[in-house]
Amino acid sequence: MDALLSSTTVWPWKSLASSTLKHHQPNPTLSLKCNIVSKKSSLQPITDYKGVLRSCSLPQLFWKKLQKKSSLKSELILVGLGHPQKLLKKLIKWQQKLKQHFNVTFVRLVFGVMLVVSLSVGFNRAPSWALSEENLLFLEAWRTIDRAYVDKTFNGQSWFRYREEALRNEPMNTREETYNAIRKMLATLNDPFTRFLEPEKFKSLRSGTQGALTGVGLSIGYPVGYNGSATGLLVISSTPEAPASRAGILSGDIILAIDGTSTENMGIYEAAERLQGPEGTLVEVTVHSGSETKSLSLKREKVSFNPVKSRLCEVSVAGKDKSRVGYIKLTSFNQNSSSAVKEAIETLRMNNVNSFVLDLRDNSGGLFPEGIEIAKIWLDKGVIVYICDSRGVRDIYDTDGSGSVAASEPLAVLVNKGTASASEILAGALKDNKRATLFGERTYGKGKIQSVFELSDGSGLAVTVARYETPSHIDIDKVGVTPDHPLPATFPLNEDEICSCLRDPASGCYLNRVKLFAMR
């Protein structure tokens, strides 16, 4: 021990260690005690900037630097800038003097205590920085992702380390710089659905889920899995009677450009922002539909999302009186959707309907809770959806029947490639619980769930919080829900023509009632 203490050397941390070890440590250690015995020597931090004791292995690159600079055979202490190097040297001199008057055991004890105390004092006096208002906003966004994001590996990175490095290195002197730091942080997740929303965009998104938006009435997504050769953005659905629908834009069309800017590398949220704008202004879109490419000028207007339309269809049944079918078209999941569906059911029941058709075609989703509430309307019991993260099932949404309104009447559900997100949750729940027969096309396949979080300055984050599985544990992301039967090729989207397809056997779109409500 005497030889060890007498040969202790203090070296500056910055020049030798920082550039080598910062890639090996989760936090930058400012003071290290290195016991040099062999190339496998251990490197033991006395403390880091948080005062937390750690241990780590000595990297080979660092060992080679030590060999070149020192012939030491025992111990050295590396001290960061601002730490008590002079005090440590004095401690070594005091230790040598003490040996002349006291026994070795006593010297070891006193020197050890003094060394620890001196380092503690040094670190307590080390300078620290105060968090600014901009730093606090960044941390608020970071904490939101930390708590809510579905992937707890955060795309294979140390989320805590990212926070520390961003606070040290990212400029956050103005609000715009802070917003850029948040965007940069979210980009590391490589998730196009997790995004930052400036205050105006957050307000616009909120207004969209409340039932009105100024734009052209398009819901768009990525065409991956549907047409690998297509470049651009897929039209998931076109709101009936909105500008895009009146111009002939249909579900499945590809948007190639917006106001002359190609959509080949454009995100869906950037595209949505370009399509929205002041009421009465024009937006130019280039659309590929079938074998035709066309340019259209659309005038933006306030698009109201009345989520539910309904009508009574009288259908002839051989040898029986006319049967009454209640047709309900659900176009979106906003905060009014579940109450509107209940109201439509009650109104149709007053007209003595004895079966229902629920049309989810071109319904691109919306509020997840509304999808759950509408499933409860039709189910007497059962699982609605499993919420999963990287570790498996995290939560289960089910129903005991207490919220059911129409759990017994025959039910058919219509879906297509424009049926997405919350619509797929509803369709999957009704299918897997054998409550309804599904007709149409395979659905879009958006199996991720996003929640929107408001930050303290009025901005917000849309965050992927989970993925979901249907009651049969089917992960439909990028796959979709498969219907039980196809619809006739000429079956109309317009609710005004639906009744004739259920009523007239001579019609090319005829779908007889027996087949419609026959459970698979």
Side-chain angles (χ1 to χ4, degrees), residues 195 197-221 233-251 253 255 257-261 263 266-287 294-311 328-341 343-344 359-371 374 418-423 450 452 454 458-460 462 493-496:
R195 66 198 190 281
L197 302 163
E198 293 84 352
E200 284 303 313
K201 293 178 184 176
F202 180 77
K203 183 179 178 181
S204 175
L205 179 66
R206 175 181 286 174
S207 69
T209 61
Q210 291 175 344
L213 200 64
T214 301
V216 297
L218 285 177
S219 177
I220 54 179
L233 297 173
L234 178 73
V235 175
I236 298 176
S237 63
S238 183
T239 304
E241 302 176 10
S245 177
R246 292 197 300 267
I249 298 178
L250 303 173
S251 173
D253 289 352
I255 300 177
I258 302 172
D259 281 334
T261 301
T263 60
M266 187 182 293
I268 57 175
Y269 300 105
E270 180 185 350
E273 291 168 17
R274 290 174 179 269
L275 291 170
Q276 296 168 22
E279 188 173 3
T281 58
L282 296 177
V283 57
E284 302 287 334
V285 294
T286 304
V287 179
K294 52 189 176 182
S295 294
L296 301 170
S297 181
L298 306 177
K299 181 182 287 189
R300 298 181 179 99
E301 61 184 50
K302 192 169 186 178
V303 180
S304 294
F305 296 104
N306 183 6
V308 173
K309 293 182 179 181
S310 63
R311 68 178 53 248
I328 298 174
K329 172 74 171 177
L330 180 60
T331 59
S332 65
F333 291 82
N334 63 30
Q335 63 184 11
N336 306 315
S337 295
S338 59
S339 60
V341 170
E343 183 180 343
D359 193 346
L360 298 178
R361 292 176 299 168
D362 290 343
N363 183 330
S364 59
L367 297 177
F368 171 79
E370 287 295 299
I374 293 172
T419 303
S421 194
S423 291
Q450 284 76 40
V452 179
E454 184 173 8
S459 61
L493 281 168
N494 190 332
E495 65 273 6
D496 294 332

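Index from 1, following the sequence.
Note that CD of Glu273 and CD of Glu200 are 11.5 Å apart. Values are rounded to the nearest 0.5 Å. Of the inter-residue distances, the one linking Ile374 atom CD1 with Leu330 atom CG reads 5.0 Å to the nearest 0.5 angstrom. Remark: Asp362 CG to Thr331 OG1 distance equals 10.0 Å, nearest 0.5 Å. Atom CZ of Arg195 is separated from atom CD of Glu270 by 12.5 Å, given to the nearest 0.5 angstrom. One finds the OG1 atom of Thr281 at 9.5 Å from the NZ atom of Lys299 (value rounded to the nearest 0.5 Å). Atom OG of Ser251 sits about 11.5 Å away from atom CG of Asn363, to the nearest 0.5 Å.
Without hydrogens or angle criteria, Ser337 side chain to Ser332 main chain gives a donor-acceptor distance under 3.5 Å. The main-chain N or O of Glu301 is never found under 3.5 Å from a side-chain atom of Thr214 such that the two would form a donor-acceptor pair. The backbone N or O of Ala344 sits nowhere less than 3.5 Å from a side-chain atom of Ser310 that would complete a donor-acceptor pair. In this structure, Asp259 contributes its side chain and Glu284 its backbone to a donor-acceptor pair below 3.5 Å. Under the 3.5 Å distance criterion, the side-chain polar atoms of Thr419 are matched with a main-chain donor or acceptor of Leu360. Formation of a donor-acceptor pair under 3.5 Å by the Glu370 side chain with backbone atoms of Ser338 is found in this model. A donor-acceptor contact shorter than 3.5 Å links the side chain of Lys329 to the backbone of Arg361.
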| side chain to side chain contact (heavy atoms under 4.5 Å, CB included) between Ile249 and Leu298: does it pass, once the steps are laid out? | CA-CA 11 Å; Ile249 298 178; Leu298 306 177; 4.1 Å; yes

| said: Set out, in order, the CA-CA distance, both residues' side-chain angles and the distance that settles side chain to side chain contact (heavy atoms under 4.5 Å, CB included) for Arg274 and Thr263, then state yes or no. | reply: CA-CA 11 Å; Arg274 290 174 179 269; Thr263 60; over 6 Å; no

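Remark: Glu279 CD is packed, more than 12 non-hydrogen atoms of other residues, nucleotides or ligands lying under 6.0 Å away.
Under the 4.5 Å side-chain criterion, counting only non-hydrogen atoms from C-beta, Leu218 is not in contact with Val285. Val235 is not listed as a side-chain neighbour of Leu250, based on a closest heavy-atom distance of 4.5 Å or more.
Considering only residues two or more places apart in sequence or on other chains, Ser459 meets the side chain to side chain contact (heavy atoms under 4.5 Å, CB included) condition with Tyr179, Phe196, Pro199, Leu455, Asp457. In terms of the salt bridge (charged side-chain N to carboxylate O under 4.0 Å, His left out) criterion, residue partners of Glu198 (sequence neighbours excluded) are, by chain and number, Arg183, Lys201. Applying the salt bridge (charged side-chain N to carboxylate O under 4.0 Å, His left out) rule to Arg300 yields no partners; only residues at least two apart in sequence or on another chain are considered.
Ala271 and Ile220 get closest at one heavy-atom pair: CB-CD1, 3.5 Å. Heavy-atom minimum distance, Gly460 versus Phe202: CA-CD1, 3.8 Å. A pairwise comparison of heavy atoms in Thr239 and Ser245 identifies O-CB, 3.1 Å as the closest pair. Nearest heavy-atom pair, Gly248 versus Asp253, reported as atom, atom and distance to 0.1 Å: O-OD2, 4.1 Å. What you find for Ser421 and Gly365 is that their closest heavy atoms are CB-CA, 4.1 Å.
Using a cut-off of 4.0 Å between Lys/Arg side-chain N and Asp/Glu carboxylate O, Glu241 and Lys309 are scored as salt-bridged.
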